[in-house]
Amino acid sequence: MIIVQKPGFFSTIQDMGRTGFQQYGVIVSGVMDEVAYRIGNALLQQCNTASIEMTVVGGTYQFTKPTAIVLTGGHVDATLQGKQISMNRVIHVEANDVLVCGPITHRVRCYLAVRGGIQVPIVMNSRSTYVKAGIGGYDGRALQKGDELPYEAGYMPSGKHHLQLAAFYTNAPIRILHGTEWATFSHDVQQAFSHNVFTVSLEADRMGYRMIPQHPIQIAKPFQLISEAVTFGTIQMPPNGEPIILMADRQTTGGYPKIAQVIAADLHRLAQIGPNEKVLFEVVSIAEAEAAYEKLQRQLKMLEVVLGLI
């Protein structure tokens with residue numbers, strides 16, 4: 001078992017999510033930062049196993065059996081048995097070792113991957129936690145002190161690979177495509193949206209980010225739609241002119257007009273942006289979005305080959 005001694009600010013068990021159930025109103029959920037999650041698993045030579053997603057502050061965890069772990073994502077000062085350990089490297093853990101993860105810096109989410117994954121029950125083909133519905137993960141909720149997370153003892157020597165992930169997390173603008181209702185908005189609204197600087201509000205969680213524009217966006221004729229399907233990165237524009245970006249725990253449908261869509265290749269960067277941080281958008285073409293996605297997937301596949309997963 002992994003015994004949770006301190007759960008951090010908001011820690012949940014996540015994998016790649018539960019697909020194939022949106023038609024029944026069940027959301028996908030899953031990890032916010034797929035890139036960090038995949039790299040952590042690849043270092044352990046596994047894929048789509050359940051990890052702990054820690055937000056803002058890590059936590060303290062005791063291991064009852066030998067295993068191997070990897071910390072990826074936002075940087076966290078972490079110690080194992082009081083000794084500093086590195087990010088993005090396989091670390092061997094002995095029975096009764098205690099891992100202490102402090103505040104997360106340079107991003108907001110860190111992933112604790114465990115050899116073989118965390119063996120909580122599978123719900124609709126996934127171990128991911130969806131807190132609002134109370135399903136998946138550990139009793140459908142964020143981790144609490146005293147929780148015992150099952151895992152299989154899985155020895156794996158400490159790894160020689162020590163990856164640097166900076167190339168995956170540039171400070172470039174978040175790239176977007178025009179949304180389904182882009183043309184319905186006036187030219188003034190389009191320009192105000194495209195050339196604004198936005199701040200992530202305190203209303204930012206796994207469901208969505210409310211964005212505060214530096215220069216107010218005035219919508220002269222607000223409108224709503226019959227609810228339509230939405231996805232990770234959909235940017236809705238409510239009547240108050242404060243866009244909402246839908247994230248991993250988004251609803252399956254939404255009625256606000258969709259002014260834009262964050263491209264798939266930038267979702268992991270968006271997931272690592274926290275409250276009060278600034279965001280710039282850059283409109284790109286579908287061809288550019290496809291090329292960026294293919295480039296990212298090639299980079300990840302190459303890492304997986306080098307690490308022996310494929």
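In what follows, every heavy atom counts, from backbone to side chain, and hydrogens, waters and symmetry copies are set aside.
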Exercise for the section: Please lay out, stage by stage, how Val35 and Leu267 fare under the test side-chain contact (heavy atoms from CB on, under 4.5 Å). Expected result: CA-CA 9 Å; Val35 170; Leu267 291 175; over 6 Å; no
For the pair Gln14 and Thr12, evaluate side-chain hydrogen bond (donor to acceptor under 3.5 Å, both in side chains) and give the outcome as yes or no after the intermediate values.
-> CA-CA 6 Å; Gln14 302 291 343; Thr12 57; 3.0 Å; yes
>> Assess the residue pair Val262 and Arg269 against the criterion (side-chain contact (heavy atoms from CB on, under 4.5 Å)); give the C-alpha distance rounded to whole Å, side-chain angles, the decisive distance to 0.1 Å, and a yes or no.
In response: CA-CA 11 Å; Val262 177; Arg269 292 200 296 122; over 6 Å; no
Dump the intermediate steps for side-chain hydrogen bond (donor to acceptor under 3.5 Å, both in side chains) on Thr72 and Asn88, then the final yes or no.
CA-CA 5 Å; Thr72 60; Asn88 310 309; 5.1 Å; no
side-chain hydrogen bond (donor to acceptor under 3.5 Å, both in side chains) between Asn41 and Gln46, intermediate numbers included
CA-CA 5 Å; Asn41 273 281; Gln46 59 195 24; 3.1 Å; yes
_Between His268 and Tyr169, does the ring pair (Phe, Tyr, Trp, His ring centres under 6.0 Å) criterion hold? Intermediate values first, please._
CA-CA 8 Å; His268 67 288; Tyr169 297 95; 5.2 Å; yes
* Evaluate side-chain contact (heavy atoms from CB on, under 4.5 Å) for Met211 paired with Val200, printing each intermediate quantity in order. => CA-CA 5 Å; Met211 312 295 288; Val200 180; 3.9 Å; yes
**OP:** Could you give me the CA-CA distance, side-chain angles and deciding distance for Leu149 and Ile52, then say whether side-chain contact (heavy atoms from CB on, under 4.5 Å) is met?
**Re:** CA-CA 10 Å; Leu149 314 178; Ile52 298 176; 3.7 Å; yes
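Ser51 and Ile118 make their closest contact through C-CD1, 4.2 Å (heavy atoms, listed as atom of the first residue, atom of the second, distance). Closest of all the heavy-atom pairs between Thr79 and Gln84 is CG2-OE1, 3.9 Å. Across all their heavy atoms, Phe168 and Ile39 have their closest contact at CE1-CD1, 4.0 Å. Summarising the geometry of Arg250 relative to Val230, their closest heavy-atom pair is NE-O, 4.4 Å, with the distance given to 0.1 Å. Closest approach of Gly30 and Ser128 over heavy atoms only: CA-OG, 3.3 Å. Ala292 approaches Arg175 most closely through the heavy-atom pair CB-NH1, 3.6 Å.
Other residues, nucleotides and ligands place no more than 12 heavy atoms under 6.0 Å from the NZ atom of Lys6. The number of heavy-atom neighbours closer than 6.0 Å to CD of Gln144, taken from other residues, nucleotides and ligands shown, is above 12.
Contact of the Gln297 side chain with the Glu294 side chain is not registered, since no non-hydrogen atoms from C-beta on lie closer than 4.5 Å. In this structure the side chain of Glu304 reaches within 4.5 angstrom of the side chain of Arg38, judged on heavy atoms. With contacts defined as side-chain heavy-atom distances shorter than 4.5 Å, the pair Leu202/Pro275 qualifies. Side chains of Gln214 and Thr199 form no contact here, defined as non-hydrogen atoms less than 4.5 Å apart.
Of the possible polar contacts, one joining the Asp97 side chain to the Glu94 backbone as a donor-acceptor pair under 3.5 Å is found. Using modelled atom types, no side-chain atom of Ser11 and backbone atom of Leu143 make a donor-acceptor pair closer than 3.5 Å. Panel note: side chain Thr252, backbone Gly25; no donor-acceptor pair is recorded below 3.5 Å. Under a 3.5 Å cut-off, the side chain of Thr234 and the backbone N or O of Thr231 do form a donor-acceptor pair. A side-chain donor-acceptor contact under 3.5 Å links Arg18 to the backbone of Ser126. Between the side chain of Asp205 and the backbone N or O of Met207, at least one donor-acceptor pair lies under 3.5 Å. Using modelled atom types, one side-chain atom of Thr55 and one backbone atom of Phe10 make a donor-acceptor pair closer than 3.5 Å. Put simply, the side chain of Asp139 never gets that close to the backbone of Arg141: no donor and acceptor are under 3.5 Å apart.
With rounding to the nearest 0.5 Å, the separation of CG in Asn96 from NZ in Lys65 is 12.5 Å. Rounding to the nearest 0.5 Å places CH2 of Trp182 at 13.5 Å from CD of Gln261. The line from NE2 of His178 to CD1 of Ile286 is 10.5 Å long, rounded to the nearest 0.5 Å. Here Asp15 contributes atom CG and Ile122 contributes atom CD1; the two are 8.5 Å apart, rounded to the nearest 0.5 Å. Expressed to the nearest 0.5 Å, how far CZ of Arg89 lies from CE of Met87 amounts to 12.5 Å. Rounding to the nearest 0.5 Å places CD of Glu282 at 10.0 Å from CG of Leu280.
Ring geometry for Phe281 versus Phe193: interplanar angle under 30°, hence parallel rather than tilted (30 to 60°).
Taking Ile, Leu, Val, Met, Phe, Trp and Tyr as members and joining any whose side-chain heavy atoms lie under 4.5 Å apart, directly or through other members, the hydrophobic cluster of Ile27 also contains Phe21, Tyr24, Val26, Val123, Met124, Tyr130, Ile135. Apart from Met302 itself, the hydrophobic cluster it occupies contains nothing, where clustering links Ile, Leu, Val, Met, Phe, Trp and Tyr at side-chain heavy-atom distances under 4.5 Å.
For the salt bridge (charged side-chain N to carboxylate O under 4.0 Å, His left out) condition, no pair includes a residue of residues 185-196, sequence neighbours left out. Applying the salt bridge (charged side-chain N to carboxylate O under 4.0 Å, His left out) test to every pair with at least one member in residues 121-132, sequence neighbours left out, gives no pairs at all.
Under the 4.5 Å side-chain heavy-atom criterion for Ile, Leu, Val, Met, Phe, Trp and Tyr, Leu246 and Val28 are members of distinct hydrophobic clusters. Cluster annotation: Tyr61 is connected to Ile91 through the hydrophobic network of ILVMFWY side chains, with a link wherever side-chain heavy atoms come within less than 4.5 Å. Residues Val279 and Ile245 share a hydrophobic cluster, clusters being chains of Ile/Leu/Val/Met/Phe/Trp/Tyr side chains in contact below 4.5 Å. Phe232 is connected to Ile273 through a chain of hydrophobic side-chain contacts under 4.5 Å among Ile, Leu, Val, Met, Phe, Trp and Tyr, so both are in one cluster. Ile176 is not connected to Tyr256 by any chain of hydrophobic side-chain contacts under 4.5 Å among Ile, Leu, Val, Met, Phe, Trp and Tyr, and they are in different clusters.
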Contacts under 3.5 angstrom, residues 99-113 side chains, donor-acceptor by atom type, not counting sequence neighbours:
{"residue": "Thr105", "atom": "OG1", "partner": "His75", "partner atom": "O", "Å": "3.4"}
{"residue": "Arg107", "atom": "NH2", "partner": "Gly73", "partner atom": "O", "Å": "3.3"}
{"residue": "Arg109", "atom": "NH1", "partner": "Tyr209", "partner atom": "OH", "Å": "3.3"}
{"residue": "Arg109", "atom": "NH1", "partner": "Ala271", "partner atom": "O", "Å": "2.5"}
{"residue": "Tyr111", "atom": "OH", "partner": "Met32", "partner atom": "N", "Å": "3.3"}
{"residue": "Tyr111", "atom": "OH", "partner": "Asp33", "partner atom": "N", "Å": "2.9"}
{"residue": "Tyr111", "atom": "OH", "partner": "Glu53", "partner atom": "OE1", "Å": "2.5"}

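Side chains of Thr49 and Arg115: a donor-acceptor N/O pair is absent below 3.5 angstrom, by distance only.
Taking a cutoff of 4.0 Å between a charged side-chain nitrogen and a carboxylate oxygen, Lys258 and Glu181 qualify as a salt bridge.
Legend: residues meeting side-chain hydrogen bond (donor to acceptor under 3.5 Å, both in side chains) with Glu277, ordered by chain and number and at least two apart, are absent.
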